[in-house]
Amino acid sequence: MASLQIPCATPTSQSRSSPHPLFAKPSHFLTHAKRRSNRLRVSATAGQNQSNSSQNVETAQGRVDRRNVLLGLGGGLYGAANLISSPGASANPVQPPELDKCGTATNLNTGEQLDINCCPPVTDRILDYRLPPVYQLKVRPSAHRVSPEYIAKYNKAIDLMKRLPADDPRNFMQQAMIHCAYCNGAYDQPGQGSLDLQIHNSWLFFPFHRWYLYFYERILAKLIGDPTFALPFWNWDNPKGMTIPPMFNDTKAAIYDPKRNQDRLTAVVDLGMTGNTDPLQLVANNLTIMYSEMIRGNADVYDFMGQPYREGTAVNPGPGSSERGSHTAIHVFVGDPREPSGEDLGNFYSAGRDPLFYCHHANVDRMWTLWQYFLPSNKVPDKRITDPDFLNASFVFYDENAQLVRVTVKDSLDNLRMGYDFERVDLPWIDYRPPPQTVKAKIVRTGTTAPKADTLFPLKLEKVVRFQVPKAKKGKADELLVLENITVDTTKFLKFDVFVNDEDDNAFELDKAAYAGTYAQVPHKSKNKTATTSIRLKLTDLYDDMDIGDDDTIVVTLVPRHQGPGVTIGGIKVIENPPAKSSS
Ligand code: C2O
């Protein structure tokens, strides 16, 4: 089977929400209208943030009302049956930043202050945002498939956004600065001393960006007076979308940005960041990576979403598979090497200045939806996070009326409730499991000379290293490889790949059973240059495909894709899935 057969939307659901007139046949769009069409009715909440009622108003300095937490969200509402025990003790959800305490973002390479101020306008009026009723779903189109009319409309909207007064929070640069403010150490976590507020590399990654795009899209729609306007998604997970969408290469267009890697304007994207330039191999690598980060490598919801980040958590508790993989790769692929810090897309502080950022992130957002609702759920015991510190985490954004609103993670969990869906396209990676290796790897057959892991760690990763790690259990096993206490220099682009029992050193090819997964990050500045993180890679399918069942030991190869030092890995081990209670 080449692609997932998504059940077609029913006529009923289609008639509830007529598709965008610009795109093809109705039955093609809605990725999951049938599945949840009944839920659309639920979302009708009246009086969306137009109210001035005093309980909605708080000052910019105000803290979030904790009553939500007290009123049951922390208590028995989430029964034990639903609860996935999440790593780390429960604390409090991350609070929105205090807008009047916004510092200057810092430049990566020089450590000097950036000459831009990321701080959004300060206001003393914040409303709690309520999702408006959905009368008609917006459909985000695949950026490679849009019509000339759509492109004209999109450019007009971006142009109008650029022409707004510079201090209007909806202005193009103001919107770009939101990303800088939340991602470059401009804010501290309220009440947590000088601990940075940083929404990347954690479970806040998907919800934050979803809300960011949500308001961005609404601002654009309002500017052109078309409430059906929806952002395009860069379909980089499909071979037909594996180049920069052509509309972004029109140098006269409002969506053009000169700060992009000029060698890559029409090149096939390199989600593996291997540097390979053979387009066919790149496509194979890309599909393998998608399969690995969406399906094969994840044992639980945190492996995909990212690790818990609560009030008081230090930055970078651990990025999810999609964030660190394809997401990072596109940033780095497009960022301009002529610029000191890979601007615009190659660095968090400047990424939002390129309209392509929002198109990229629309696809990142689509990955979340696909993962939630379309991927085989037998691989991950529960795809929901019911932890109140996740659900009640909140952010602030300016909405399409330039009103500052506070939003919560729990309101972002369902894109249909938020009023948009994605054009339906094939998912060619859904079955892209690497072929089994029929002959047992020679390094294992003849006995490996690789050193034992415990003689090497902590390991400063500067070159390819290969070593042995004992399996947790002999025989057929459901196991995870854990790389812990990974200390990273956050200001650098860093990436390494992990292979198991790989005997050829052709690290340009990822479409093989031995490829276990990736760590990668987009450069960004935090107050401390380093952060400590960890990743887990599920090995169960890999064991099957490599016929490893009867071995006691695996041979792990780590392949760094970056120059120079920047990563130190504290330890590595294989654990059972789910982890035994005694192991952390
Ligand atoms: Cu907030 Cu792709 O980054």
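Counting convention: from 1, in listed order, for ligands and their atoms alike. Because the structure is predicted, anything quoted here is derived from the model rather than measured.
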In short, salt bridge (charged side-chain N to carboxylate O under 4.0 Å, His left out) pairs touching residues 260-274 with sequence neighbours left out are Arg260-Asp354
Protein N, O or S atoms under 2.8 Å from atom 2 (Cu) of ligand 1
3
So which of Ile569, Thr533, Val567 actually passes side-chain contact (heavy atoms from CB on, under 4.5 Å) with Leu483?
Ile569
Looking at residues at least two apart in the chain, or sitting in another chain, which of them share a salt bridge (Lys or Arg N to Asp or Glu O under 4.0 Å) with Asp303?
Arg536
Return the set of residues passing salt bridge (Lys or Arg N to Asp or Glu O under 4.0 Å) with Asp497 (not counting sequence neighbours), or none when no residue passes.
Lys495, Arg561
For the residue pair Phe508 and Gln281, what are the closest heavy atoms and their distance?
O-CG, 4.0 Å
Would Glu423 and Arg145 count as a salt bridge (charged side-chain N to carboxylate O under 4.0 Å, His left out) if you check the C-alpha gap in whole Å, the side-chain angles of each, and the deciding distance to 0.1 Å?
CA-CA 10 Å; Glu423 181 185 5; Arg145 295 162 48 89; 2.8 Å; yes
